[in-house]
Amino acid sequence: METAIPLKPFPSFPRSQTPHYLHHHLQSAISLSQLKQIHAQILRSGFDRSAPIFLKLAVSSFAFSSTSDYSLSVFRQIPDPDTGICNRILRQLSDGTQPHMALHVYGRMRSAGVWIDRFSLPPLLKASARVSALREAREVHGLAAKMGFDSDPFVQTGLIRVYAACGRVLDARMVFEKMPQRDVVAWNVMMDGYSYIGLHEEVLLLFDEMKGTSVEPDKVILASVISACGHVRNLDFGKAIHRYISEKNFVLDARLQSSLITMYANCGSMDSAHRLYNKMLQKNIVVSTAMISGYSKLRKLDIARSIFNQMTEKDLVCWSAMISGYAESDHPNEALKLFNEMQISGIRPDQITMLSVISACAHLGALDQAKWIHIYVDKNGFSNVLSINNALIDMYAKCGSLENAHQVFKDMPQRNVISWTSMINGLAMHGDGKSALRLFNQMKTERIEPNEVTFVGVLYACSHAGLVDDGRQIFTSMANEHNIMPRHEHYGCMVDLLGRANLLNEAVELIEAMPFEPNVVIWGSLLAACRVHGNVELGAFAAKKLLERDPNHDGAYVLLSNIYAKAGRFEDVWEVRRLMRNKGITKEKGCSWMEMDGEIHEFLTADQSHSKANEIYKKLDQIVSELKVVGYVPNVESVLVDLEDEEKKDAVLLHSEKLAVAFGLLNVGRGSSCIRIVKNLRLWKKFIFTSSPCASATPLFFVLLFLQFSSVARQQKLSRPAGYGKCNEGDAWKGAGWSSNLCEQGPVQNERKGISSKEEDPAKRRREKHQTVK
DNA sequence: TTAGGGTTAG
């Protein structure tokens, strides 16, 4: 006997007690070798191989054994297993951790000539459903039909379930429709089939249909319906079910409570969710996870985290929910930190976790971190997962490395429309409109049908590359050639495209011709264009329209005040500022961050909090002095008008990205020839949120101030900052935003502000590939 | 003492 096994040898139990102890040991056995000990003991105790204890052993062995050899050998030792025994084994296996073993046993039953009866079929169908074994399911269906059991309600519900689980919801529905009598379980299984493929609306329709029959809903089906309400965010429907539960005096068990809480959390009704949550004595993982998720969606991460911290037991799902909460709420550092903690706690991530983590890296814009996560993806067997590769493309593009993005795209074993869209979007983001269009055409050549999101990327590319004619043509082709009706996002791109090209009249005509009401994004695009081209009246009109829809839109106020400031209408500027003050509207502070030696350094405007603040400011002074020698004058045009001149200059000079650049320059040469700075600009935040091309896409719009410092170039730049006024590719000073005073003045972003308007021609802009400003 | 259904992360 193996000494390492904690089980004591079974000494001389009184014969009458032995089964009890053996049963007990069988239940507490945690390994196959323990099971084998029990097996030996059973044989030594002289039990018959048809005794219940032996049958139990046979079933347990299937649960532990990773290969079927031992388990099947135990099963084979049962002399003449009858149908009843086999069915019990089937049932246990279909409920256990290795449902596919039920199919093995079924094969053995067939080969051993064991009679299959109607009780064999449901567990087989259940096992097939759990492993999505369509072929086997069809075989069982055929067998059931042959034996005349296909009208048995238990068999029918099993068939509905297995077809739905195999993605054959129409087949499932066909079986459902053919049922002469549908009980509440049949309805429920059909509803779950729809839930499984995400057709939650269909669940609610089916429930409405069921209400017209004599079938009374029970707790289980109500839980399914409540869950569907949560998925489709139908709070009214959910509340109605909640009322029904109260009226009917259903006892709220843990699962029903969980469904209700989840529904409220999904619908953003966290007060109701929390009320129910507080009433739960035993808060289970599922419901706590739902609460974390609900609060995360509302960006109440402190509450989410406190629930997370209070959980005594944590599984992959709750870790993922918390990580995802951080990742999707602009807390990428926290997301990555938690990801590390999760691994330390011994939990391995799955694809969903990885998508959140990759998304966090994308938010962070930290290339080293991104590369690390890419290596992690490769090492942990995720490298062939389509969605993960799509997310990697997006991540690399947002971290400033189109090369890496393209490498992932090229190496993918398969690509879907999201892969192409992500790559196109990446190119667009980097201002390489021509390449984006080339890829778009290649995509069509390869017969990948673009979707709505693809067009957002392509139109965005046209807009940022000044490709007005291409943009117009592609916009028209959406409906004509691809049967895709342009939505707000597409109109937003077109208004942006026309606005940037100073075709403001055409932009207005387009807005007037829209088949639906323009939203804040559309008016925001027009407003931004008016800001760039100094059209005061139209700008004021657009701002008014925007504020009608979103009275607290800080960006609109800032843009408008900038327009007035540019036109010298300071009384109007004051008026706008007064309105902002009265409404308590403040503009978001600019924030830049960069990665250095694997650490993320964050800078706010005039930030003194960095441990090396003194050196940074010294460096900044030095750079500014050098710049001034060659004629640099801080552009204070749009700075708050209530500041003194010197203060205005400070506000410009202490922009967060400038602090970051100074810090970067202090550290240049320490292992990196490149300074990447990521900004939190909010320009078109909402627009981007709705146009995300892939699951990991972020609601933030980053500005990547991407400075390429080749050793020669670095010397040149450091000794000859005068280069900033020119428009050379890779011009680090311009790229660093020295001449841009806008980044922290609000959402108006003239990304090439450094160049005087005369120099600012679209052809030159297109060449500036090293600086990606969004 | 052989058969079917419910909650969570993107």
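Chain naming here is simple, since letters A, B, ... match the order of the sequence lines and numbering starts at 1 in each.
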Once base and sugar-phosphate atoms are separated, protein heavy atoms under 4.0 Å mark nucleotides 1-7 of chain B, 5' to 3', with B, S and - as BBBBBBB
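B/dT8 atom C1' lies 15 Å from atom CD1 of A/Ile226, rounded to whole Å. Put simply, CD on A/Gln351 is 17 Å from P on B/dA9, counting in whole angstrom units. Rounding to whole angstrom units, CD1 of residue A/Ile261 and P of B/dA9 are separated by 13 Å. We find that CD1 of A/Ile285 is positioned 9 Å from C1' of B/dT8, with the value rounded to whole Å.
For an aromatic pair to be called close, the ring centres must be under 6.0 Å apart, and A/Phe308 with A/Trp319 satisfies this.
Residues A/Leu260 and A/Leu252 are in side-chain contact: their nearest non-hydrogen atoms beyond the backbone lie under 4.5 Å apart.
Every residue was checked against the ring-ring contact (aromatic ring centres under 6.0 Å, His included) condition with A/Phe207, not counting sequence neighbours, and none meets it. For A/Ser224, the side-chain contact (heavy atoms from CB on, under 4.5 Å) criterion is met by A/Asn188, A/Asp192, not counting sequence neighbours.
Ionic pairing of A/Glu177 and A/Arg173 is present here: one or more N-O contacts between side-chain nitrogen and carboxylate oxygen are shorter than 4.0 angstrom.
Heavy atoms from other residues, nucleotides or ligands lying under 6.0 Å from CG of A/Asn309 number more than 12.
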